[in-house]
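The structure appears right after this line, and notes come after that.
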Amino acid sequence: MANSTFDLLGQVQAAHQFDHDSLFHYASAHVPGFPSSAASTFTVKQFGHGQSNPTFLLEVGNGGSVKRYVLRKKPPGKLLQSAHAVDREYQVLRALGERTEIPVPKVFCLCRDASVIGTDFYIMEFLEGRIFIDPKLPGLAPERRDAIYRETARVLAALHSVDVDAIGLGKYGRRNNYCKRQVERWTKQYIASTGDSRYPGNPKMLELAHWLQQHIPSEDSSGEGIVHGDFRIDNVVFHPIEDRVIGILDWELSTLGNQMTDVAYSCLAYIVDINHENQQVGKGFELTRIPEGIPSQAEYLAEYCSASGKPWPAAVWKFYISLAMFRGAAIYAGIYSRWLMGNASGGERARNTGKQANDLVDSAWAYIARKAVLPNHPPDPIARDYKKQFDGGNESGRFVPSEKVLKLRNRLVKFMEDHIYPMENEFYKLAQSSSRWTVHPEEESLKELAKKEGLWNLWIPFDSAERAKKLLFDESNRMDTNGEHDQFLGAGLSNLEYGYLCEIMGRSVWAPQVFNCGAPDTGNMEVLLRYGNKEQQLQWLVPLLQGKIRSGFAMTEPQVASSDATNIECSIKREGDSYVINGRKWWTSGAMDPRCKVLIVMGKTDFTAANHKQQSMILVDIQTPGVHIKRPLTVFGFDDAPHGHAEVVFDNVRVPAKNILLGEGRGFEIAQGRLGPGRLHHCMRLIGASERGMQMMVQRALSRRAFGKLIAEQGSFRSDIAKCRIELEKTRLLVLEAADQLDRLGNKKARGTIAMAKVAAPSMALMVLDTAMQVHGAAGVSSDTVLAHLWATARTLRIADGPDEVHLGTIAKLELQRAKL
Ligand SMILES: Cc1cc2nc3c(=O)[nH]c(=O)nc-3n(C[C@H](O)[C@H](O)[C@H](O)COP(=O)(O)OP(=O)(O)OC[C@H]3O[C@@H](n4cnc5c(N)ncnc54)[C@H](O)[C@@H]3O)c2cc1C
């Protein structure tokens, strides 16, 4: 719940008492409209929230009406040099209040005469509104949380856009080398606060200061505008009922300088949980769980960057967050030192701040040790618009995702931003190293996290899940899942519903496997779900569903045109209780992966049967003698390690006869069942890859200048991007339509539309990604961006899972058949 500004009031603390009469007379003379009558009642209360300059509510009753003002003063006692400068607060509030639209309380007078109440003070307007002390915004509906965070980001952006020279604040501070000076200043103040034997200094804090000095971003040398210095959600007053800021408070640390420090400070709740009531600093909600509705840190930052026009700070974010924690630690050490002296304005609540200062230092070091802290690019605004578009829940229409799907989608979008995009570089690094054929340990941890978040096996259609539930749990209950078997059978979605989610996974080549939704595993699991017997399911399907193993599908052969599967020559010969397999396969995707334990092999059990009855599919344990992985193949130089596409030789491979799927001669039947949903999954992922391309294209065009103009301002680019958007939206609708037909009409009747989607999606993705690469210039074709890899993958999909021509043939055949009817 929000606190009303009234809720934060209490009695004036003993250490902060002052002469009320003296203040009353001064205010009567200096504050316009302040009652002067001796008959007035005058009460003073102290605001309990905040630890810096003591702040008081003045209430003057006069003839039934009450006027309210706020007074802010320096704390009494010995103060650190340059801290608590209320005259500066007054100066900045006045300039902003009188000459800009930035919401701040109006100031009335500044008093520098210590004889009035003992210290400098100023009097300002009292704002009646809401203050959110807890950044998790408990008690608020998710959409209000979203609105409040986004408004906070926009107000900060507006403040940072103020032209300080135009409003007389050009000399409010030195603009350049702000972070450098901050590190020096807070180091000094920390040392001053901790000299006492009751509170010794922490050597890790000084090491942190050193690290920060070494990592100051180059932009720090050129100055910017206003820095608030303590911009947090609880220093902002919201309108009593509207989600709009009516005042930014607490300007004690304001100056001119590097504004990204404000942004990072406002993000600290994502990283650490600082609550004065707690004895120690906890984990922020980025590490625990972001309360529903609150945008991810990346979304919050994207809102700020888009409103302020600032570049995306991925490369420097570690520095700014660590600086924010360093400064927080120095401030807390100062508060603790004042508490020890008995004059902390927050009173007893300051008792934990000494320990919390040390916790912040530890948190900063832990943050610095993190591999990745922000995605390389801001989250896709289109995904957010899409979310906004449907979040109202009132929209109707054929392709409007349900509430359940939207919730999963939002969770997935966050997971991608928080965990996948930040790890992409790390995954690529390993995949290009000499240890390329090993799995990155983080991938396995992310799989566990995806399970916990309910983002596991989402591809499983509800009808298949029902069948598996009966077979695997209800009867034998042998699947060891700690009673959480539902988690392994997806979320009970239709193919259409999955379409909205699979698209999000397609934005990164690394994502699908983290959610156990990658090819060829999904197709293979589908085969086992539909056609496997119980024994086969228990042996192979269960560990695949759990993500403990991976699998491959071996159909294509180098020596024959494999788009026509009747050509396949691999032989599967029955010999007693076994089948003996001989043949050469290639492009068996996933077979290089160290987790790959089983292959579904397609071959001929009867070379003399009718054309479509010769083929069978059989399960082969990859460790079986005679299975030789010959080499990884590359796609335009990408070997897709550690997954890989292998050439595999089967040399007298003997497997138990019970490994045959469905029975001899049923291979084509299974292939048809396998390929419908699997093909569509590729299409859905291509929509996501194209959205990523669009997003990168836009960012590049808005930040790169050529021949005196942003690329975004060049006419040719505008036409290209518009065409890309048209193609993308057309294709998305076609893919969703195909998924819907698959749900409603089944694989066979939907095959024409699935074929259309299968041809349209790669060609659209190639166009969009090609345009994105073009806009990136040479960087676009390098492996410094994800574009080339996404493009290469999209290109293979004009061939893999059947070349375009085969699908075009299907579409044409159906079209002509219709004409004959
Ligand atoms: C990245 C990648 C991953 C793959 N993963 C797997 C996998 O996991 N398992 C697996 O078994 N296979 C896999 N494949 C192989 C893929 O399924 C085959 O390449 C595909 O089926 C085509 O077979 P082919 O290469 O033998 O081409 P061919 O059959 O020789 O066809 C070559 C070309 O002939 C033309 N053509 C074919 N049919 C017609 C027609 N009817 N009309 C007009 N022109 C036609 C098309 O232009 C076609 O591209 C993968 C391929 C790639 C690139």
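These values consider heavy atoms only, across backbone and side chains, with no hydrogens, waters or symmetry-generated copies. Counting convention: from 1, in listed order, for ligands and their atoms alike.
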- Going by the order shown, which atoms of ligand 1 are within less than 4.0 Å of some heavy atom of V806? 38 (N)
- Message: When you measure from atom 25 (O) of ligand 1 to the protein, is at least one non-hydrogen atom found at a distance under 4.0 Å?
- Response: no
- May I ask you to list the atoms of ligand 1 that are less than 4.0 angstrom from any heavy atom of T796? 1 (C), 53 (C)
- Nearest heavy-atom pair of L408 and A491: which atoms, and what distance? CD1-CB, 4.0 Å
- Message: Suppose we measure from atom 45 (C) of ligand 1 to each protein heavy atom; which comes out shortest, and what is that distance?
- Response: E805 CB, 3.7 Å
- Which atoms of ligand 1 are found less than 4.0 Å from any heavy atom of D801? 17 (O)
- Q537 side chain vs L528 backbone, donor-acceptor pair below 3.5 Å: yes
- Polar contact flag, side-chain donor to acceptor under 3.5 angstrom, Q699-H377: yes
- Item | Flag for D521-S551: side-chain donor and acceptor within less than 3.5 Å | yes
- Query: Protein heavy atoms: any of them under 4.0 Å from atom 6 (C) of ligand 1?
  - Reply: yes
- Task: For residues 594-605, pull every pair meeting side-chain hydrogen bond (donor to acceptor under 3.5 Å, both in side chains), keeping only residues two or more places apart or in separate chains.
- Result: E443-R595, E444-R595, D593-R595, K604-Q614, T605-S616
- Task: May I ask you to check whether S562 has an N/O atom sitting below 3.5 Å from an N/O atom of ligand 1?
- Result: yes
- Query: Considering only protein heavy atoms, which is closest to atom 20 (C) of ligand 1, and at what distance to one decimal place?
  - Reply: I799 O, 3.6 Å
- Message: Does the protein place a non-hydrogen atom closer than 4.0 angstrom to atom 34 (O) of ligand 1?
- Response: no
- Before signing off on this row, confirm whether S563 and ligand 1 have an N or O atom pair separated by under 3.5 Å. yes
- Message: Do N524 and V598 have side chains that approach each other closer than 4.5 Å (heavy atoms only, starting at C-beta)?
- Response: no
- Query: Any nitrogen or oxygen of T556, main chain or side chain, under 3.5 Å from a nitrogen or oxygen of ligand 1?
  - Reply: yes
- Does CD in E535 sit with more than 12 non-hydrogen atoms of other residues, nucleotides or ligands closer than 6.0 Å? no
- Which atoms from ligand 1 have a heavy atom of F553 less than 4.0 Å away? 7 (C), 8 (O), 9 (N), 10 (C), 11 (O)
- Message: At less than 4.0 angstrom from any non-hydrogen atom of V560, what atoms of ligand 1 do you find?
- Response: 26 (O)
- Task: Could you tell me whether P803 and ligand 1 have an N or O pair separated by under 3.5 Å?
- Result: no
- Taking distance alone, with no angle check, do W587 and ligand 1 share an N/O pair under 3.5 Å? yes
- State, yes or no, whether a side-chain contact exists between P677 and H681 at a heavy-atom distance under 4.5 Å. yes
- Message: Within the 3.5 Å criterion, strictly below it, is a donor on E737 or Q741 matched to an acceptor on the partner's side chain?
- Response: yes
- Measure the distance from atom 51 (C) of ligand 1 to every protein heavy atom, then report the residue, atom name and distance (to 0.1 Å) of the closest one. A800 CB, 3.8 Å
- Query: So, do Y428 and W510 have ring centers that fall under 6.0 Å from each other?
  - Reply: yes
- Taking the side chain as every heavy atom from C-beta outward, state whether H643 and S589 have any atom pair closer than 4.5 Å. yes
- At a 4.0 Å threshold, what atoms of ligand 1 neighbour a non-hydrogen atom of S589? 3 (C), 4 (C), 5 (N), 6 (C), 7 (C), 8 (O)
